[in-house]
Each structure stands twice: as C-alpha cells, then as structure tokens.
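Down below is the structure, laid out as structure tokens.
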Amino acid sequence: MAAALVSCTQASSGGGPGADVPGTSAEPAADRARGAESAGDADRVGREAPTAEDTAVPSPEPALVRDAFATLQATLGETCTPGAGDCAYFLGRVTQELTELDESMRADSKGPGHFAKPLADMKALFATLGEDRTEAHLEKHFSAIVGTRDGINTWMQDHPDDYR
C-alpha cells in the first residue's frame, strides 16, 4: 500500500513514471485547450509534411556534351579481339558511352541540329544493333561500333567549342 501511495504522489507531483506525459488537470478547459493545441499541431504538421512529389528524387539530367564526350574519348586507346572473349566489357562500354553522348547532344542548348552528323551516325548504329547487347551480337558489329566512335571523335575534334 505504501508503494502505491508513493507512486501516486510522484505522478501528481511531476516526478516518477509518466512524468513526461501530460496529465489531466482539475481544469477541464485547460485540458480542452491542450487537446486543441495538439490537434492543431498535428494538422499543421500534416499540411507542412512534404508530399510524395516533393520527396521524389529528380531524374538526373543528361551529362554535358563535353563530359559525355570525355568518357567516350577515354575508350580511344582500348580495343578487343572479336572471338577472343575479351570484348564484352569494351564493346558494352563504348555502346553505353555512345548512348549517353546521344542523350547529351539531344538535350544540349545548341539543339540536335548542331549535332546532326554524330546523331545520324549513332541513330544508324543503334538501328543496326537493335536491343541486343550480348557479346556475340556486339562482336558481330565490332566495326560499326568502333567506326561510329572514331567518326564521332573526328567530328568533335573539328568542334572544340563543344567539348572544352
């Protein structure tokens, strides 16, 4: 019985278990005001909470043409030997770099008309490749992939303002 009395005394004096939980007071109006304040806070938090649209991660913009070209250009010293089993990475990488450069050129402020030749070359390559990105299929089109890369490199060298 003494333990129950101590427990009740601590709760009503603000100490002990439940001290951080708002208690009821002898004033019902004060309890209603606290309840309304809590409800208002909850409503305001609901209105201020970010929407799904606000929290969505924006899709990344295509890389700048100069950045996309730089990564393609990094493949110039690389090659592989079709049929030797060492082409999957190389041809996959060149194809991916060409895809990213294509996206960058289309999104560039100069407009796709400025990049008509390289875009036409990439369009022809992508039409030839289709959706198949297997090593055997890419090796079959080795010359077209590497030729497109080298042709775009030559075109870009004549347009230094696009990559510097």
Side-chain angles (χ1 to χ4, degrees), residues 16-23 33-164:
D20 59 339
V21 177
R34 269 195 299 275
E37 184 178 290
S38 295
D41 288 346
D43 185 45
R44 186 177 67 251
V45 168
R47 285 191 313 264
E48 293 174 0
T51 64
E53 189 175 293
D54 294 340
T55 60
V57 176
S59 58
E61 294 287 321
L64 296 173
V65 170
R66 67 176 179 159
D67 296 340
F69 177 60
T71 59
L72 177 66
Q73 203 174 25
T75 69
L76 287 176
E78 299 176 28
T79 192
C80 67
T81 306
D86 63 346
C87 284
Y89 171 76
F90 170 70
L91 292 175
R93 178 175 173 203
V94 172
T95 302
Q96 181 63 39
E97 300 297 350
L98 288 168
T99 300
E100 292 173 8
L101 183 61
D102 179 85
E103 292 170 358
S104 296
M105 287 179 169
R106 291 181 189 288
D108 191 82
S109 62
K110 292 179 183 177
H114 176 73
F115 301 101
K117 172 76 169 116
L119 287 171
D121 291 348
M122 287 185 280
K123 182 178 181 177
L125 174 66
F126 299 148
T128 298
L129 294 178
E131 297 296 316
D132 188 352
R133 295 296 188 266
T134 61
E135 182 177 10
H137 186 70
L138 294 177
E139 283 183 359
K140 181 176 155 184
H141 299 289
F142 175 88
S143 295
I145 294 168
V146 172
T148 301
R149 176 201 63 184
D150 294 347
I152 289 172
N153 181 61
T154 300
W155 187 91
M156 289 293 286
Q157 296 303 323
D158 290 337
H159 297 82
D161 57 309
D162 291 318
Y163 67 91
R164 290 191 180 161

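Scope of the values below: all heavy atoms of this structure, side chains included, with no hydrogens, waters or symmetry mates. Just so you know, these numbers come straight off a predicted model, no measurement behind them.
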*Should Arg106 and Asp102 count as side-chain neighbours, where that means a heavy-atom distance under 4.5 Å?*
yes
Side chain to side chain donor-acceptor pair (under 3.5 Å) pairs touching residues 81-93, sequence neighbours excluded, are Glu78-Arg93
Here the ring-ring contact (aromatic ring centres under 6.0 Å, His included) pairs for residues 134-154, sequence neighbours left out, are His137-His141
If we ignore hydrogens and angles and just use 3.5 Å, is the side chain of Thr95 paired with the main-chain N or O of Gly92 as donor and acceptor?
no
Residue pairs meeting disulfide bond (SG atoms under 2.5 Å apart), one or both in residues 63-132, sequence neighbours left out, come to Cys80-Cys87
Q | Minimum side-chain heavy-atom gap Thr79-Val146 below 4.5 Å | A | no
Checklist line | Donor-acceptor contact present, side-chain Thr75 to main-chain Thr71, <3.5 Å | finding: no
Correct closest heavy-atom pair for Arg133 and Phe126 would be NH2-CD2, 4.3 Å
**Prompt:** Short question: side chain of Gln73, backbone of Asn153 - any donor-acceptor pair under 3.5 Å?
**Reply:** no
Whether His114 and Trp155 hold their rings parallel, tilted or perpendicular, with breakpoints at 30° and 60°
perpendicular
> Do Leu91 and Glu135 have side-chain heavy atoms sitting under 4.5 Å apart?
Replying inline: no
Correct closest heavy-atom pair for Arg149 and Leu98 would be CA-CD2, 4.3 Å
Tightest non-hydrogen contact, residues Phe115 and Val65, listed as CZ-CG2, 4.0 Å
Closest non-hydrogen atoms of Asp150 and Leu76, given as atom of the first, atom of the second and distance, are OD1-CD2, 3.7 Å
Side chain to side chain contact (heavy atoms under 4.5 Å, CB included) with Ile152: of Met122, Lys117, Gln157, Glu97, only one passes, and it is Met122
Scanning both residues in full, the closest heavy-atom pair of Leu101 with Phe69 reads CD1-N, 3.8 Å
query: Heavy atoms, side chains only, cut-off 4.5 Å: are Thr154 and Met156 in contact?
result: no
task: Show your reasoning for whether side chain to side chain contact (heavy atoms under 4.5 Å, CB included) applies to Val94 and Thr148.
output: CA-CA 10 Å; Val94 172; Thr148 301; over 6 Å; no
Within a reach of under 6.0 Å around NZ of Lys110, are more than 12 heavy atoms found that belong to other residues, nucleotides or ligands?
yes
